[in-house]
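What follows is a single structure, written as structure tokens, with notes after it.
Model, not experiment: these values are computed from the prediction. Keep in mind that the numbers below use all heavy atoms, side chains included, and drop hydrogens, waters and symmetry copies.
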Amino acid sequence: MTFSRPKDHLPLQASVRTVLAMASRPFSPQRAARRIEPDKLEAHPLMALHSIRELREYMREAEVRAIERSLELGAEKEEIAETLGITRQ
């Protein structure tokens, strides 16, 4: 079985170079989210995967900050868990 890359896609080496260049830029969640939109994901899957990894890390950090701030402002742990969709099992 042979794999042929669609003509509208960058060669894999160009995609890797693009991902490496992106890694040197400051992170922007808005820019990362644009890179995982369906048309971008289809055309540049490595770029999308890089953005997904960046967004995961950003979301983990944002969740911790939001939980800490909620507790500082008096939210109950149960409220936070409910908001996050976490239930006791």
Side-chain angles (χ1 to χ4, degrees):
M1 176 164 79
T2 60
F3 174 79
S4 62
R5 186 178 307 280
K7 297 200 184 320
D8 64 335
H9 288 20
L10 288 173
L12 186 57
Q13 284 184 325
S15 294
V16 170
R17 283 194 301 270
T18 302
V19 169
L20 292 173
M22 285 174 18
S24 66
R25 296 177 67 181
F27 174 72
S28 161
Q30 295 85 2
R31 190 175 339 139
R34 285 192 300 270
R35 289 191 300 249
I36 63 171
E37 291 175 354
D39 60 328
K40 300 275 193 325
L41 187 143
E42 287 296 319
H44 308 288
L46 289 177
M47 186 183 307
L49 288 169
H50 178 79
S51 295
I52 290 167
R53 188 187 82 212
E54 287 182 319
L55 286 165
R56 262 195 211 117
E57 181 62 28
Y58 176 80
M59 295 300 292
R60 274 193 292 271
E61 292 172 7
E63 182 177 19
V64 169
R65 288 192 310 267
I67 290 170
E68 289 171 347
R69 184 66 179 139
S70 295
L71 291 170
E72 288 172 5
L73 293 174
E76 298 292 327
K77 290 179 184 177
E78 292 78 15
E79 291 176 289
I80 294 170
E82 183 179 339
T83 302
L84 291 171
I86 299 170
T87 59
R88 287 186 177 181
Q89 303 215 358

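- Residue Met47 holds its CE atom at 13.0 Å from CD1 of Ile36, rounded to the nearest 0.5 Å.
- Applying the side-chain contact (heavy atoms from CB on, under 4.5 Å) test to Glu68 and every residue at least two apart in sequence or in another chain returns Val64.
- Applying the ring pair (Phe, Tyr, Trp, His ring centres under 6.0 Å) test to residues at least two apart or on different chains, none of the pairs has a partner in residues 66-89.
- Contact between Ser51 and Ala32 at its shortest, heavy atoms only, is CB-O, 3.5 Å.
- Here the side chains of Glu57 and Arg53 are not in contact, with every heavy-atom distance at 4.5 Å or above.
- Considering every non-hydrogen atom in both Arg35 and Lys40, the closest pair reads O-CB, 3.5 Å.
- Between Glu72 and Arg69 there is a salt bridge, since at least one side-chain N of the basic residue sits less than 4.0 Å from a carboxylate O of the acidic one.
- Contact annotation: the side chain of Lys77 approaches that of Leu71 to within less than 4.5 Å [non-hydrogen atoms, C-beta and beyond].
- By the criterion of side-chain heavy atoms lying less than 4.5 angstrom apart, applied directly or through intervening Ile, Leu, Val, Met, Phe, Trp or Tyr residues, Ile67 is not grouped with Met59; the two fall into different hydrophobic clusters.
- Residues Ile80 and Ile86 share a single hydrophobic cluster, defined by chaining ILVMFWY side chains whose heavy atoms lie under 4.5 Å apart.
- Applying the 6.0 Å contact sphere to CD of Glu82 captures no more than 12 heavy atoms from other residues, nucleotides or ligands.
- With values rounded to the nearest 0.5 angstrom, Asp39 atom CG is found 9.0 Å from His44 atom NE2.
- Residue pairs satisfying the ring pair (Phe, Tyr, Trp, His ring centres under 6.0 Å) criterion with at least one member in residues 53-89, sequence neighbours excluded, are listed as follows: Phe27-Tyr58.
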